[in-house]
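Structure record follows, encoded as structure tokens.
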Amino acid sequence: MPTRVPVIPAGRRLRIAVHKFSSCDGCQLAFLNLGEDLLRLAREVDIVHFAEAGPVDPEAEVDVAFIEGSAAHPGDVPRLRGIRERSRFLVTIGACATAGGLQALRNAADAPAWLAAVYPSPAAIEELDDSTPISAHVRVDFQLWGCPVTGRQVLATVGSLLAGVHPADGGDKVCLECKRRQNVCVLVSRGLPCLGPVTRTGCGALCPAYGRDCYGCFGPSDLPGTDALARRFEGLGLVPGAVARQFAGVNNAAPPFHEAARRARGDAGDD
Ligand code: SF4
Ligand code: SF4
């Protein structure tokens, strides 16, 4: 049953901002790639800040702030707090904003050593040692998972808010979508280490539809059975390090995947 969003009355013309933090811009492209739907959306809402699309007003007060990217730079946290204060409803979009992203792999590593290995002048780069999700710093009202998110998710979220109801996002597993599409299971038929049994729906089981295994880009599903899947991967012949790497992808810092990778490596404590 949809719940009311008391802070945004139904029928209101929404003021929207799209903010970027540490990310590849792919989730912002989910907006831009809406094509004609984006033009229709622009008739229903005012997009007051979206630097990649044109409007620039980062200090604007808005009804809905979409945030792409993780907090990874020294100035990110104060900037986030300001956005939170100026926004009625805050939505994180994508793996970076929602779980820290691929760049969170450095959280368990020697980040300064990585910088020194990659850049000739690492001292010129201002970077936090950790990449963290937006929810680690400010209250988040709704999260959209995906790497990247899809235009359909974005439209559904804005549509719900226009109607005055809280957006919803399924927590089912990719396997269910696979069955609905009548895909041949790549885990069962080809022994590929597919993360579909523990990954949330939203992509339409895209990878298995093209004969490859899911690598978990939509993040952990509700109640992910990561222990059982790790044992299944071992049964496929994966050594513990390979099992850990399966869970250490774009959503490596999402707690269920982080814990599954840690257990597969046999770590006694947290990284
Ligand atoms: S291919 Fe992957 S997502 Fe599809 S049913 Fe098999 S395990 Fe699940
Ligand atoms: S099948 Fe898995 S890896 Fe592929 S798009 Fe869907 S969630 Fe992402």
Side-chain angles (χ1 to χ4, degrees), residues 23-34 68-70 91-105 133 142-157 167-238 242-261 264:
S23 56
C24 75
D25 286 27
C27 290
Q28 293 181 78
L29 288 177
F31 280 85
L32 296 178
N33 288 342
L34 284 171
E68 176 198 81
S70 66
V91 182
T92 57
I93 52 173
C96 301
T98 302
L102 190 62
Q103 59 270 33
L105 283 171
F142 186 57
Q143 305 187 125
L144 282 179
W145 293 82
C147 184
V149 297
T150 67
R152 184 181 54 75
Q153 288 173 290
V154 169
L155 276 182
T157 301
D169 196 26
D172 284 344
K173 297 164 174 66
V174 174
C175 287
L176 287 178
E177 283 188 25
C178 238
K179 301 305 175 226
R180 291 184 197 114
R181 292 186 65 162
Q182 301 185 9
N183 292 338
V184 174
C185 176
V186 299
L187 194 158
V188 172
S189 67
R190 293 170 51 205
L192 297 179
C194 186
L195 278 184
V198 297
T199 299
R200 69 176 44 232
T201 52
C203 67
L206 186 62
C207 298
Y210 287 93
R212 66 149 295 167
D213 44 322
C214 169
Y215 54 93
C217 82
F218 268 69
S221 63
D222 291 347
L223 301 175
T226 51
D227 284 345
L229 189 61
R231 285 195 297 276
R232 185 74 174 87
F233 287 170
E234 287 169 10
L236 296 175
L238 270 67
V243 174
R245 280 194 295 278
Q246 286 301 113
F247 292 105
V250 291
N251 284 296
N252 64 85
F257 289 179
H258 175 79
E259 282 301 308

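For ligands, and for the atoms within them, numbers begin at 1 and follow the listed sequence. All residue numbers in this chain count up from 1 along the given sequence.
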*asked:* Between E177 and T201 (side chain of the first, backbone of the second, donor and acceptor by atom type, cut-off under 3.5 Å), is there such a pair?
replied: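 No; judged by distance alone, with no hydrogens or angles, the pair does not exist.
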_Suppose the cut-off is 2.8 Å; which protein N/O/S atoms would you list for atom 6 (Fe) of ligand 2?_
C203 SG
*Which residues satisfy the ring pair (Phe, Tyr, Trp, His ring centres under 6.0 Å) test with F233, sequence neighbours excluded?*
none
_Holding to ring pair (Phe, Tyr, Trp, His ring centres under 6.0 Å), I want the full list of residues that pass it with F142, two or more places apart in sequence or in another chain._
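Listed in chain order: H166.
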To check your reading of the model: name the closest protein heavy atom to [atom], its residue, and the distance in Å.
atom                    : result
atom 3 (S) of ligand 2  : Y215 N, 3.3 Å
atom 1 (S) of ligand 1  : V186 N, 3.2 Å
atom 4 (Fe) of ligand 1 : C178 SG, 2.3 Å
atom 5 (S) of ligand 1  : K179 NZ, 3.2 Å
atom 8 (Fe) of ligand 1 : C175 SG, 2.3 Å

*Which bit of C194 is near ligand 1, meaning a heavy atom under 4.0 Å away: side chain, backbone, both or neither?*
side chain
Point-to-point distance, once rounded to the nearest 0.5 Å, from [atom1] of [X] to [atom2] of [Y]:
X    : Y    : atom1 : atom2 : result
L105 : N252 : CG    : CG    : 4.0 Å
Q153 : F218 : CD    : CZ    : 4.5 Å
L187 : L236 : CG    : CG    : 5.5 Å
L192 : R212 : CG    : CZ    : 9.0 Å

_S221: partners by side-chain hydrogen bond (donor to acceptor under 3.5 Å, both in side chains), with sequence neighbours left out_ =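 Partners of S221 under the side-chain hydrogen bond (donor to acceptor under 3.5 Å, both in side chains) test: none.
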*Under 4.0 angstrom from ligand 1, any heavy atom of N183?*
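Heavy atoms of N183 never come under 4.0 Å of ligand 1.
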*Strictly under 4.0 Å, does any heavy atom of K173 approach an atom of ligand 1?*
no
*For P197, take its heavy atoms, then give the atoms of ligand 1 lying under 4.0 Å from any of them.*
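Result: 7 (S).
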*asked:* Any N/O/S atom, side chain or main chain, of C185 closer to atom 6 (Fe) of ligand 1 than 2.8 Å?
replied: yes
_Counting C-beta onward and ignoring hydrogens, is there a side-chain heavy-atom pair between F257 and V250 closer than 4.5 Å?_
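No. Closest side-chain heavy atoms not under 4.5 Å.
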_Do F247 and P256 have side chains that approach each other closer than 4.5 Å (heavy atoms only, starting at C-beta)?_
no
_Whether the Q103 and S70 side chains hold a donor-acceptor pair (N or O, under 3.5 Å, no angle test) is what I'd like checked._
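Yes, side-chain donor-acceptor contact under 3.5 Å.
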